[in-house]
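Just so it is clear, the model here is predicted, and its values are computed rather than measured.
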Amino acid sequence: QVQLVESGGGLVQAGGSLRLSCAASVNIFSTNAMGWYRQAPGKQRELVATITSRRTNYVESVKGRFTISRDNAKNTVYLQMNSMKPEDTAVYYCNANRYDLDYWGKGTLVTVSL
């Protein structure tokens, strides 16, 4: 199994920045993809960003503001969030797909105030 631990969530003002981290218990190069999802109040869970060895993808609403990256040596995936908006408020979950199985972290809460 793959254990994923998120950190870096918290309260930030609109226009500010946060960086989320996801520490994996396995070498991330052994995964097919890593990603960040979020669940906002009153909304369904949505994909925020994914990263593979070849490319990154983002949901349209965060393009130009968020950046997903990874550090293979540290087995860690990051989500740099800039120019944050109140609508970014959500619980953010780290996801790993490995050998066609999905693994999830417990989530970290991000709250963006006006």
Side-chain angles (χ1 to χ4, degrees):
Q1 63 176 1
V2 179
Q3 300 292 324
L4 303 172
V5 180
E6 304 100 332
S7 62
L11 177 65
V12 65
Q13 290 186 322
S17 299
L18 283 176
R19 188 181 74 163
L20 304 182
S21 298
C22 173
S25 64
V26 299
N27 293 333
I28 59 175
F29 58 74
S30 71
T31 68
N32 177 57
M34 301 287 294
W36 288 95
Y37 291 72
R38 66 187 181 187
Q39 177 77 59
K43 297 186 65 177
Q44 294 184 328
R45 184 181 64 182
E46 67 172 347
L47 175 65
V48 178
T50 60
I51 185 168
T52 68
S53 61
R54 292 187 175 185
R55 64 185 180 181
T56 58
N57 289 293
Y58 301 90
V59 67
E60 189 68 26
S61 62
V62 309
K63 287 182 178 178
R65 300 189 298 118
F66 291 10
T67 302
I68 188 170
S69 62
R70 71 186 199 183
D71 186 333
N72 290 336
K74 296 181 179 180
N75 295 324
T76 300
V77 175
Y78 304 96
L79 184 68
Q80 179 67 47
M81 304 183 291
N82 299 325
S83 302
M84 299 190 72
K85 303 175 180 180
E87 49 263 47
D88 295 322
T89 295
V91 176
Y92 285 71
Y93 297 92
C94 184
N95 167 266
N97 183 265
R98 189 170 184 261
Y99 309 131
D100 294 325
L101 294 176
D102 282 306
Y103 301 88
W104 297 90
K106 294 182 179 179
T108 184
L109 177 63
V110 172
T111 303
V112 184
S113 64
L114 294 173

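Contact of the Pro86 side chain with the Leu114 side chain is registered, since non-hydrogen atoms from C-beta on lie closer than 4.5 Å. In this structure, Met81 and Val62 have side chains that are not in contact, with every pair of non-hydrogen atoms separated by 4.5 Å or more. In this structure, the side chains of Ser113 and Leu11 come closer than 4.5 Å at one or more pairs of heavy atoms. At least one side-chain heavy atom of Val110 sits less than 4.5 Å from a side-chain heavy atom of Leu20.
Qualifying side-chain contact (heavy atoms from CB on, under 4.5 Å) partners for Ala23, counting only residues two or more places apart in sequence or in other chains: Thr76. For Ser53, the side-chain contact (heavy atoms from CB on, under 4.5 Å) partners are Arg70, not counting sequence neighbours.
Of all heavy-atom pairs spanning Asn27 and Ser30, the tightest one is O-OG, 2.6 Å. Nearest heavy atoms, Arg45 versus Gln39: N-OE1, 3.0 Å. Across every non-hydrogen atom of Leu109 and Thr111, the tightest pair is CG-OG1, 3.8 Å. Scanning both residues, Leu4 and Val2, for their nearest heavy atoms gives CD2-CG1, 3.8 Å. The minimum heavy-atom distance linking Ala96 with Met34 is given by the pair CB-SD, 3.3 Å. In this structure, Thr89 and Pro41 approach most closely via the heavy-atom pair O-CD, 4.1 Å.
Between the NZ atom of Lys106 and the CD atom of Gln3 there is a distance of 8.5 Å, given to the nearest 0.5 Å. In this structure, Asn32 CG and Asn97 CG are separated by 5.0 Å, a value rounded to the nearest 0.5 Å. Rounded to the nearest 0.5 Å, atoms CD (Gln80) and OG (Ser69) are 8.0 Å apart. Atom-to-atom distance recorded for Ile68:CD1 and Thr52:OG1 is 9.5 Å, nearest 0.5 angstrom. To the nearest 0.5 Å, the span separating CG on Leu79 from OG1 on Thr108 amounts to 11.0 Å. To the nearest 0.5 angstrom, Asn57 atom CG is 4.0 Å from Thr50 atom OG1.
Under the salt bridge (Lys or Arg N to Asp or Glu O under 4.0 Å) criterion, the residue pairs touching residues 13-41 are Arg38-Glu46, Arg38-Asp88, with sequence neighbours excluded. Residue pairs meeting the disulfide (SG to SG under 2.5 Å) criterion with at least one partner in residues 57-114, sequence neighbours excluded, are Cys22-Cys94. Counting only residues at least two apart or on different chains, no ring-ring contact (aromatic ring centres under 6.0 Å, His included) pair has a member in residues 46-102. Pairs engaging residues 18-45 under the ring-ring contact (aromatic ring centres under 6.0 Å, His included) rule: Tyr37-Trp104 [sequence neighbours left out].
Within 6.0 Å of CG in Leu101 there are more than 12 heavy atoms belonging to other residues, nucleotides or ligands.
Val112 and Val59 fall within the same hydrophobic cluster, where Ile, Leu, Val, Met, Phe, Trp and Tyr residues are linked whenever their side-chain heavy atoms come under 4.5 Å apart, directly or through other members. Val26 and Val77 fall within a single hydrophobic cluster, where Ile, Leu, Val, Met, Phe, Trp and Tyr are joined by side-chain heavy atoms under 4.5 Å apart, directly or via other members.
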- Item | From CA spacing to verdict: side chain to side chain contact (heavy atoms under 4.5 Å, CB included), Gln13, Met84 | CA-CA 8 Å; Gln13 290 186 322; Met84 299 190 72; over 6 Å; no
